[in-house]
Amino acid sequence: MTRPPNPVLDAVLTRRSAPRLTEPAPNRADLERLVQAAATAPDHGRLRPWRLVAVSGDERARLGDTLGEAADSPEQARRAAAKPLRAPLLLSIVHRPVPGHPKVPEWEQLAATTAMVTTLSLLLHSHGFASIWRTGAAVQAPQVRKYLGVDDGEQLLGWLYVGTRCASDTADRRPLDTPARITWHHT
């Protein structure tokens with residue numbers, strides 16, 4: 001007996017982080033539709049403790065300049081300035097927890113933010129785009145936070161680089177040793 005195709009399972013099994021991205025990236029309307037869908041990810045209390053700051057076009061170079069300002073050496077500054085140019089669209093991932101929420105602790109709000117980003121990554125893949133979540137010390141840099149409008153009480157979790165996978169970029173994933181990762185308690 002053959003099972004019918006399952007596009008959700010196929011997307012989960014075939015999505016890979018793409019370190020090399022090119023045009024096109026989703027346009028504004030497509031991105032808004034995908035983010036709307038990603039917002040259905042598990043989120044206790046439906047707090048939506050996140051926001052995205054989209055950076056594209058020439059603004060990527062301005063973000064690069066800001067990353068360069070935050071670097072510790074001229075060589076690191078040069079490399080940092082080039083990073084945003086690796087993809088046509090960068091989504092700055094900003095976690096904005098609701099402090100002291102009576103039912104949803106901050107760790108659970110962080111889980112909701114990461115669930116949304118993971119879901120968005122899968123949705124992008126299922127629509128022919130690719131992405132990779134990148135982070136680093138610059139997420140704490142005051143000038144980077146200021147450029148992106150990250151307020152006190154918010155946490156910059158990095159960037160989802162978005163575009164189209166370069167043809168030469170293919171990556172296989174090693175199979176998971178499932179029995180080593182699942183502990184069963186049953187009678």
Side-chain angles (χ1 to χ4, degrees), residues 7-43 48-68 70-71 79-96 109-141 143-151 154-173:
V8 174
L9 183 61
D10 291 344
V12 170
L13 291 173
T14 59
R15 190 215 62 83
R16 302 286 180 277
S17 292
R20 288 175 287 285
L21 297 158
T22 188
E23 294 280 354
N27 63 37
R28 183 181 296 240
D30 289 338
L31 179 64
E32 288 176 359
R33 187 170 50 89
L34 294 174
V35 170
Q36 183 73 35
T40 66
D43 180 358
R48 296 186 176 145
W50 51 266
R51 66 186 180 91
L52 301 172
V53 179
V55 181
S56 63
D58 293 341
E59 283 300 313
R60 296 174 303 145
R62 287 190 56 209
L63 174 59
D65 291 343
T66 305
L67 292 170
R79 287 197 321 259
K83 288 181 179 182
L85 303 177
R86 294 179 183 173
L89 173 64
L90 281 77
L91 298 175
S92 310
I93 304 160
V94 181
H95 175 57
R96 42 186 321 175
Q109 295 178 48
L110 179 60
T113 299
T114 59
M116 183 283 298
V117 175
T118 300
T119 302
L120 180 58
S121 174
L122 287 166
L123 287 164
L124 287 161
H125 172 68
S126 73
H127 283 77
F129 299 105
S131 63
I132 186 169
W133 190 341
R134 295 187 183 272
T135 188
V139 298
Q140 300 295 332
Q143 55 271 62
V144 173
R145 292 174 58 85
K146 181 179 179 184
Y147 170 79
L148 294 170
V150 178
D151 297 327
E154 294 182 325
Q155 183 179 4
L156 179 59
L157 300 180
W159 295 268
L160 192 65
Y161 284 57
V162 180
T164 299
R165 181 183 300 276
C166 292
S168 62
D169 181 25
T170 58
D172 287 332
R173 187 175 285 161

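- In this structure, the side chain of Ser56 does not engage the main chain of Leu89 through any donor-acceptor pair within 3.5 Å.
- Side-chain contact between Leu52 and Leu160 is absent, with no heavy atoms from C-beta onward closer than 4.5 Å.
- Thr22 places no side-chain N or O within 3.5 Å of a backbone atom of Cys166 that could act as its donor or acceptor partner.
- To the nearest 0.5 angstrom, Leu148 atom CG is 8.5 Å from Arg51 atom CZ.
- Listed by chain and residue number, Arg62 satisfy the salt bridge (charged side-chain N to carboxylate O under 4.0 Å, His left out) test with Glu59 (two or more places apart in sequence, or in another chain).
- The salt bridge (Lys or Arg N to Asp or Glu O under 4.0 Å) analysis of residues 83-96, with sequence neighbours excluded, yields the pairs Arg96-Glu154.
- Smallest separation of non-hydrogen atoms from Leu123 and Leu34: CD1-O, 3.5 Å.
- Atoms CD and OG1, from Gln155 and Thr113 in turn, are 9.0 Å apart once rounded to the nearest 0.5 Å.
- For the pair Asp43 (side chain) and Arg48 (backbone), a donor-acceptor distance under 3.5 Å is present.
- The two residues Pro24 and Pro88 make their nearest non-hydrogen contact at C-CG, 4.4 Å.
- The shortest non-hydrogen separation linking Val162 to Ser131 is CG2-CB, 4.3 Å.
- If you take OG1 on Thr135 and CD on Gln140, they are separated by 8.5 Å, rounding to the nearest 0.5 Å.
- Separation of atoms CG (Leu157) and OG1 (Thr114) is listed at 8.5 Å; rounding is to 0.5 Å.
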Audit row: Val117, Trp50, side-chain contact (heavy atoms from CB on, under 4.5 Å) steps and yes/no = CA-CA 10 Å; Val117 175; Trp50 51 266; over 6 Å; no
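- With Trp159 contributing its side chain and Pro84 its backbone, the two residues share no donor-acceptor pair below 3.5 Å.
- Interatomic distance, CG of Leu90 versus CD1 of Ile132, reported as 11.5 Å (0.5 Å rounding).
- Test Val53, Val94, Val144 against Val150 for side chain to side chain contact (heavy atoms under 4.5 Å, CB included) and you get one pass: Val94.
- In terms of heavy-atom proximity, Arg15 sits nearest to Ser121 at CD-OG, 3.1 Å.
- With a 4.5 Å cut-off on side-chain heavy atoms, Arg134 and Pro19 count as touching.
- Side chain of Thr40 to backbone of Gln36: no donor-acceptor contact under 3.5 angstrom is found.
- A distance of 11.5 Å separates CG in Leu31 from NE2 in His127, rounded to the nearest 0.5 Å.
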Please lay out, stage by stage, how Tyr147 and Leu67 fare under the test side-chain contact (heavy atoms from CB on, under 4.5 Å).
-> CA-CA 10 Å; Tyr147 170 79; Leu67 292 170; over 6 Å; no
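- Leu122 approaches Ala11 most closely through the heavy-atom pair CD2-O, 3.7 Å.
- In the displayed structure, Asp58 atom CG is contacted under 6.0 Å by at most 12 heavy atoms of other residues, nucleotides or ligands.
- In terms of heavy-atom proximity, Val139 sits nearest to Leu156 at CB-O, 3.4 Å.
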